[in-house]
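Accompanying notes for the structure given below.
Hydrogens, waters and symmetry mates are skipped; everything else that's a heavy atom, side chains included, is used.
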Amino acid sequence: MDLQELRAQIDAVDEQIVGLFEKRMEISGQVARYKIDTGKRVFDPVREKEKIAAVQAMTHNDFNRTGAGELFEQLMSISRKLQYQILTEKGNIGRLPFIPVPELDMDGARVVFQGAEGAFSQAAMIRYFGEDISSFHVDSFRDAFCAIEEGRADFAVLPIENSTAGIVNEIYDLLVEFENFIVGEQIIRIEHCLLGLPGTKMEEIRTVYSHPQSLMQSARFLSEHDWKQISLPNNAFAARKVAQDGDRSQAAIAGEYAGKVYGLEVLKKPVNQSATNSTRFIIITSQKIFRKDAKKVSICFEVPNESGSLYHMLSHFIYNHLNMTRIESRPIEGRNWEYRFFIDFDGNLEDSAVKNALRGLRDEARNMRVLGNY
């Protein structure tokens, strides 16, 4: 046979496959309606494993055995997605415990941020809430989460990602540990300045204080000087220390806003090598609310340590035409080599496509949580 004849045979087989596929989907729809009437779950992992083993036993060599298993995994995954869609259409999706609001209630609200006066977190807070907001600061990210949980603050402003340094791992871990939820975000451009006491000359400086990431982001500038570099938990702490010590041999790398707060002079700006350096801050609260015009959803989940398990979770975004904008992983404490995945995607909790995807993830993933819609 020549190639054209072989292709014609494949086309004929494919036509049969498509017809059988559509018949299978039609039966899957009937299965979904039966499950609605009887209250049965869509995902039945025991039944699926039995089915895959059965079809693999029908094959005649190892290659086809593996391929048949992969093919039927996909078929059953597609069938589940159809069933979730039908459940949604029939109103059996289940309500998410989040309440849509026209806007965040900021009247009389108290906001907490991590660091000292002059921190970038404070600048992000002012950008989001305005100058007149009532606020206070704490030393650590955990303290900020606790302030929300204990009711001492209504909102917290926390850095979650820097365009140069990457994610803030501790924030991801705390979002899982605490029952707090993301309701907004604020991105600010980070321009690091070298700050010193008024009148300080560059040749007088012997020691520079800053956050480790800020020191890293300013490494090119710092390499030009033989200065001792000392890390502090926050840039604003560094500016405050230089101001309080009153020592002209000390300088801080921090934002210009911190320099104004502590009466320091900008000796040089910018000192960070990236002109596009920005930090994304999240706004969290203890309430399960989201703005009606929210456009981004953040979730986290765990998956079984099995081949293809993450792929099957991500397929819920593909089939519901949802644009996933971020995926991160963090190790699960006490469980070696197991990971929790954090995903951001475009959408609103009231969208049917989002409901479909979350229903599938809730049934098939482990410990799926919605972290916020904002």
Does one hydrophobic cluster hold both [X] and [Y], with members joined at side-chain heavy-atom distances below 4.5 Å?
{"X": "Leu232", "Y": "Ile253", "result": "no"}
{"X": "Val176", "Y": "Ile182", "result": "yes"}
{"X": "Ile289", "Y": "Leu371", "result": "no"}
{"X": "Ile160", "Y": "Met216", "result": "no"}
{"X": "Ile188", "Y": "Phe129", "result": "yes"}

| message | Here's a test for you: under salt bridge (charged side-chain N to carboxylate O under 4.0 Å, His left out), which of Lys295, Arg291, Lys296 qualifies with Glu185? | response | Lys296
| task | Please determine which of Arg369, Arg340, Arg366 meets the salt bridge (charged side-chain N to carboxylate O under 4.0 Å, His left out) test together with Glu302. | result | Arg340
If you define the side chain from C-beta out and look only at heavy atoms, does anything of [X] sit under 4.5 Å from [Y]?
{"X": "Thr279", "Y": "Ile187", "answer": "no"}
{"X": "Leu195", "Y": "Val266", "answer": "yes"}
{"X": "Arg65", "Y": "Asp62", "answer": "yes"}
{"X": "Val112", "Y": "Asp143", "answer": "no"}
{"X": "Leu349", "Y": "Pro100", "answer": "no"}
{"X": "Met25", "Y": "Ile78", "answer": "yes"}
{"X": "Lys288", "Y": "Phe290", "answer": "no"}
{"X": "Ile284", "Y": "Phe178", "answer": "no"}

Neighbour count above 12 (heavy atom, 6.0 Å) for [X] [atom1]:
{"X": "Asp293", "atom1": "CG", "result": "yes"}
{"X": "Asn323", "atom1": "CG", "result": "yes"}
{"X": "Asp11", "atom1": "CG", "result": "yes"}
{"X": "Gln74", "atom1": "CD", "result": "yes"}
{"X": "Glu15", "atom1": "CD", "result": "no"}
{"X": "Phe136", "atom1": "CZ", "result": "yes"}
{"X": "Ile99", "atom1": "CD1", "result": "no"}

For [X] and [Y], which heavy atoms make the closest approach, and how far apart are they?
{"X": "Glu191", "Y": "Pro270", "value": "CG-CB, 3.4 Å"}
{"X": "Ala254", "Y": "Phe120", "value": "C-CZ, 4.4 Å"}
{"X": "Asn373", "Y": "Gly347", "value": "ND2-O, 3.2 Å"}
{"X": "Tyr262", "Y": "Ala239", "value": "CD1-CB, 3.9 Å"}
{"X": "Ser140", "Y": "Gln114", "value": "C-CG, 3.5 Å"}
{"X": "Gly199", "Y": "Glu265", "value": "N-OE1, 2.8 Å"}

Using modelled atom types only, decide if a donor and an acceptor are shared between the side chain of [X] and the backbone of [Y] within a distance under 3.5 Å.
{"X": "Ser309", "Y": "Pro304", "answer": "yes"}
{"X": "Ser135", "Y": "Val111", "answer": "no"}
{"X": "His137", "Y": "Gly115", "answer": "yes"}
{"X": "Ser121", "Y": "Leu158", "answer": "no"}

| remark: Taken to the nearest 0.5 Å, the spacing of Leu310 CG from Ile343 CD1 works out to 7.0 Å
| request: Please test Asp37 against Arg33 for salt bridge (charged side-chain N to carboxylate O under 4.0 Å, His left out), starting from the C-alpha separation and ending with a verdict. | output: CA-CA 6 Å; Asp37 293 339; Arg33 293 175 182 89; over 6 Å; no
| Stepwise side chain to side chain contact (heavy atoms under 4.5 Å, CB included) test for Phe98 and Val370 | CA-CA 9 Å; Phe98 284 81; Val370 177; 3.8 Å; yes
| field | salt bridge (charged side-chain N to carboxylate O under 4.0 Å, His left out) between Arg152 and Glu150, worked out | value | CA-CA 6 Å; Arg152 292 184 287 116; Glu150 294 165 1; 3.0 Å; yes
| Stepwise side-chain hydrogen bond (donor to acceptor under 3.5 Å, both in side chains) test for Glu73 and Tyr311 | CA-CA 11 Å; Glu73 278 186 9; Tyr311 167 78; over 6 Å; no
| message | Test salt bridge (charged side-chain N to carboxylate O under 4.0 Å, His left out) on Arg326 and Glu328; report intermediate values, then the result. | response | CA-CA 7 Å; Arg326 171 165 298 282; Glu328 302 285 351; 2.5 Å; yes
| task | Please step through side chain to side chain contact (heavy atoms under 4.5 Å, CB included) for the pair Glu26 and Glu22, ending with a clear verdict. | result | CA-CA 6 Å; Glu26 182 182 339; Glu22 291 194 321; over 6 Å; no
| request: Give the C-alpha distance, both sets of side-chain angles, the deciding distance and a yes or no for side-chain hydrogen bond (donor to acceptor under 3.5 Å, both in side chains) between Gln217 and Asn277. | output: CA-CA 9 Å; Gln217 292 162 8; Asn277 187 10; 2.9 Å; yes
| So Gln250 and Lys241, side-chain hydrogen bond (donor to acceptor under 3.5 Å, both in side chains) or not? Walk me through it. | CA-CA 9 Å; Gln250 296 181 357; Lys241 176 174 176 55; 4.9 Å; no
| message | Strictly below 4.0 Å, N to O, side chains only: are Arg280 and Asp344 in salt-bridge contact? | response | yes
| message | salt bridge (charged side-chain N to carboxylate O under 4.0 Å, His left out) for Lys292 and Glu350? Distances and angles first, verdict last. | response | CA-CA 8 Å; Lys292 289 183 177 180; Glu350 293 189 317; over 6 Å; no
| message | side chain to side chain contact (heavy atoms under 4.5 Å, CB included) for Phe221 and Lys268? Distances and angles first, verdict last. | response | CA-CA 10 Å; Phe221 166 74; Lys268 184 175 177 60; 3.3 Å; yes
| request: Given side chain to side chain contact (heavy atoms under 4.5 Å, CB included), test Cys300 with Tyr172 step by step and report yes or no. | output: CA-CA 9 Å; Cys300 68; Tyr172 280 91; over 6 Å; no
| field | From CA spacing to verdict: ring-ring contact (aromatic ring centres under 6.0 Å, His included), Tyr128, Phe155 | value | CA-CA 11 Å; Tyr128 191 87; Phe155 301 98; 8.2 Å; no
| query | Between Phe113 and Phe281, does the ring centroid distance fall short of 6.0 Å? | reply | no
| Knowing that exactly one of Val354, Asp351, Val297 qualifies, which makes a side-chain contact (heavy atoms from CB on, under 4.5 Å) with Leu322? | Val354
| request: Specify whether Tyr84 and His316 have parallel, tilted or perpendicular ring planes, treating 30° as the upper limit for parallel and 60° as the lower limit for perpendicular. | output: tilted
